[in-house]
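To start, the structure itself, in structure tokens.
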Amino acid sequence: MKVTGRRVLLAALGASLSACASRPAPPVLHYSLGISRADYRDYGGAKASPCDAEQRWLSDELTAVNGVLARFVNGTDKLDTPASLDHAKQVELLKEAQQTLPPVLAVHENNLRGLAQCGFKDKGAFPEISRRGGELVKEARERLSSADSVLAAVSLRQAQDKWKEESPQREATARGTWCTADPKIGEATVFYARASMDGTFRWHFCDGSLVEQRAGAEPTYVEPEGLNKRDRRRIQPPRYLEAAANFPAEEIDRPPETGTPKSASPTP
């Protein structure tokens, strides 16, 4: 009976080991980012160990993902340089990575952690793959962590550029709405006011006059060019300064998202 029981136990153990040894490898997953491509496996998600993988395949898979991460990090190195010729392309790559890269990073990090438990971790290219992989995972995560602020800054800059581009048309529309065809010199009628992105405020008058207030300075009156002596005598600068001061702050044309409340506009 004892011999029979031992045989049954050994047979069960052998069947268990055989089942473990024959467990199929996780399926190959395909990932692309920009022009980069990588095939890899999610060993942890499949309850498998990379230590059981064919070493050449494992090396190729980990190297491929390292390559994708390296190209992502290098391909988004000028996000803080809007004047760069590659800036728009880098922003698009960051947007794509923000949507698709985090799960791949998690799998790659887990696979690298599993590699550290393998008996062959110090053989061949594995030490360098592991070292470089750890660096790239950290760098890629840091790049993704700044994505929201980078993309918000890009969006703001685009909105401000559009606002600046369309400002002349808004000014022309306001002139046509509030000014007569032949405005009289000396009539202090404000038709349009704008706050520039450098903090300068300008109030435009139908007769070509201007009141300007630079950041941290007092408002000043600027007369139209080419005035003759008679027209110059008609102008009373205090009236223009008063008109600018009384212009509704909420009607001042401001850059998008300047962070300055409309009620906080300077008063001449």
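Keep in mind that the numbers below use all heavy atoms, side chains included, and drop hydrogens, waters and symmetry copies. Numbering of residues begins at 1 and proceeds along the displayed sequence.
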*When Arg143 is tested against each of Leu79, Leu101, Leu69 for side chain to side chain contact (heavy atoms under 4.5 Å, CB included), which residue passes?*
Leu79
*Judged by modelled atom types alone, do Ser84 and Asp86 share a side-chain donor-acceptor pair under 3.5 Å?*
no
*When you check the gap from the basic side-chain N to the acidic O, do Glu92 and Lys89 get nearer than 4.0 Å?*
no
*Are Leu151 and Phe72 joined in one hydrophobic group, where the rule is that I, L, V, M, F, W and Y side chains link up if heavy atoms are under 4.5 Å apart?*
yes
*asked:* Using every non-hydrogen atom in the two residues, find where Gly124 and Pro127 come nearest and quote the distance to one decimal.
replied: O-CD, 3.4 Å
_If hydrophobic clusters are built from ILVMFWY residues whose side chains come within less than 4.5 Å, do Leu29 and Leu105 share one?_
yes
*Heavy atoms only: give me the nearest Ala195-Pro255 pair and the separation to one decimal.*
O-CD, 3.0 Å
*Take Arg202 and Ser196 through the test side chain to side chain contact (heavy atoms under 4.5 Å, CB included) and record every step on the way to the result.*
CA-CA 8 Å; Arg202 294 181 177 87; Ser196 300; 3.1 Å; yes
_Determine whether Ile235 and Tyr240 satisfy the following criterion, side chain to side chain contact (heavy atoms under 4.5 Å, CB included), listing intermediate values before the conclusion._
CA-CA 9 Å; Ile235 290 177; Tyr240 292 84; 3.7 Å; yes
*Taking all non-hydrogen atoms of both residues, which atom of Ala53 and which atom of Tyr43 are closest, and how far apart?*
CB-OH, 3.4 Å
*Compare every heavy atom of Val68 with every heavy atom of Ser36, then report the nearest pair and how far apart it is.*
CB-CG2, 3.9 Å
*asked:* Run the side chain to side chain contact (heavy atoms under 4.5 Å, CB included) test on Leu62 and His108 for me, step by step, so that the C-alpha distance in whole Å, both residues' side-chain angles and the decisive distance to 0.1 Å come before the verdict.
replied: CA-CA 7 Å; Leu62 297 177; His108 192 52; 3.9 Å; yes
_Quick check for you: to the nearest 0.5 Å, what is the distance between Gln236 atom CD and Tyr221 atom OH?_
10.5 Å
*Out of curiosity, does Leu156 fall in the hydrophobic cluster containing Val154 (side-chain heavy atoms, cut-off under 4.5 Å, transitive links)?*
no
*Enter the distance from Leu94:CG to Gln98:CD here, rounded to the nearest 0.5 Å.*
6.0 Å
*Where the side chain of Gln213 meets the backbone of Ala217, is there a donor-acceptor pair that is under 3.5 Å apart?*
yes
*asked:* For a quick test of reading the model, state the closest non-hydrogen atom pair linking Pro256 to Ala159 and the distance between them.
replied: CG-O, 3.6 Å
*Expected output: side-chain Glu96 to main-chain Gly34 donor-acceptor under 3.5 Å*: yes
*Just how far is it from atom CD of Glu109 to atom CZ of Arg113, taken to the nearest 0.5 Å?*
5.0 Å
*Close side-chain approach of Val211 and Phe201, heavy atoms under 4.5 Å*: no
*Gap between atom CZ of Arg157 and atom NE2 of His87 - 0.5 Å precision*: 5.0 Å
*What about Val73 and Val137, same hydrophobic cluster or not, with Ile/Leu/Val/Met/Phe/Trp/Tyr joined at side-chain heavy-atom distances under 4.5 Å?*
yes
*Sub-3.5 Å donor-acceptor pair from the side chain of Asp207 to the main-chain atoms of Pro183, do we have one?*
no
*Can you see which heavy atom on Gly134 is nearest to which on Leu112, and at what distance?*
N-CD1, 3.9 Å
*Between Glu128 and Arg131, does at least one N-O distance fall below 4.0 Å, as a salt bridge requires?*
yes
*Would you check if the side chain of Ser149 reaches a backbone N or O of Ser146 as a donor-acceptor pair within less than 3.5 Å?*
yes
*In Å, rounded to the nearest 0.5 Å, how long is the span from NE2 of His204 to CZ of Arg175?*
9.0 Å
*asked:* Please identify which of these residues, Asn74, Asp77, Thr76, Thr81, meets the side-chain hydrogen bond (donor to acceptor under 3.5 Å, both in side chains) condition with Gln90.
replied: Asp77
*Return each pair, listed once, that meets salt bridge (Lys or Arg N to Asp or Glu O under 4.0 Å) where at least one residue sits in residues 58-75; pairs must be two or more places apart or across chains.*
Arg41-Glu61
*Does Asp253 reach the main-chain N or O of Ser167 with its side chain, forming a donor-acceptor pair under 3.5 Å?*
no
*asked:* If we check salt bridge (Lys or Arg N to Asp or Glu O under 4.0 Å) with Arg194, which of these qualifies: Glu171, Glu166, Glu251, Glu212?
replied: Glu171
*Verify the distance criterion only: is there a donor paired with an acceptor across the side chains of Ser59 and Arg56 at less than 3.5 Å?*
no
*Flag yes if more than 12 heavy atoms outside Trp178 fall under 6.0 Å of its CH2 atom; otherwise flag no.*
no
*Where does the angle between the aromatic ring planes of Phe126 and Phe120 fall among parallel (under 30°), tilted (30 to 60°) and perpendicular (over 60°)?*
tilted
_Are there over 12 heavy-atom neighbours, none belonging to Glu165, within less than 6.0 Å of that residue's CD?_
no
*Output yes when a side-chain donor or acceptor of Ser155 lies under 3.5 Å from a complementary backbone atom of Ala152, and no otherwise.*
no
_For the backbone of Leu227 and the side chain of Arg230, can you confirm whether one donor and one acceptor N or O come within less than 3.5 Å of each other?_
no
*Candidate pair Asp161 and Lys164, rule salt bridge (charged side-chain N to carboxylate O under 4.0 Å, His left out), full reasoning*: CA-CA 5 Å; Asp161 288 344; Lys164 185 176 181 180; over 6 Å; no
*In Å, rounded to the nearest 0.5 Å, how long is the span from CD of Glu135 to OG of Ser130?*
10.0 Å
*Does one hydrophobic cluster hold both Tyr192 and Leu210, with members joined at side-chain heavy-atom distances below 4.5 Å?*
no
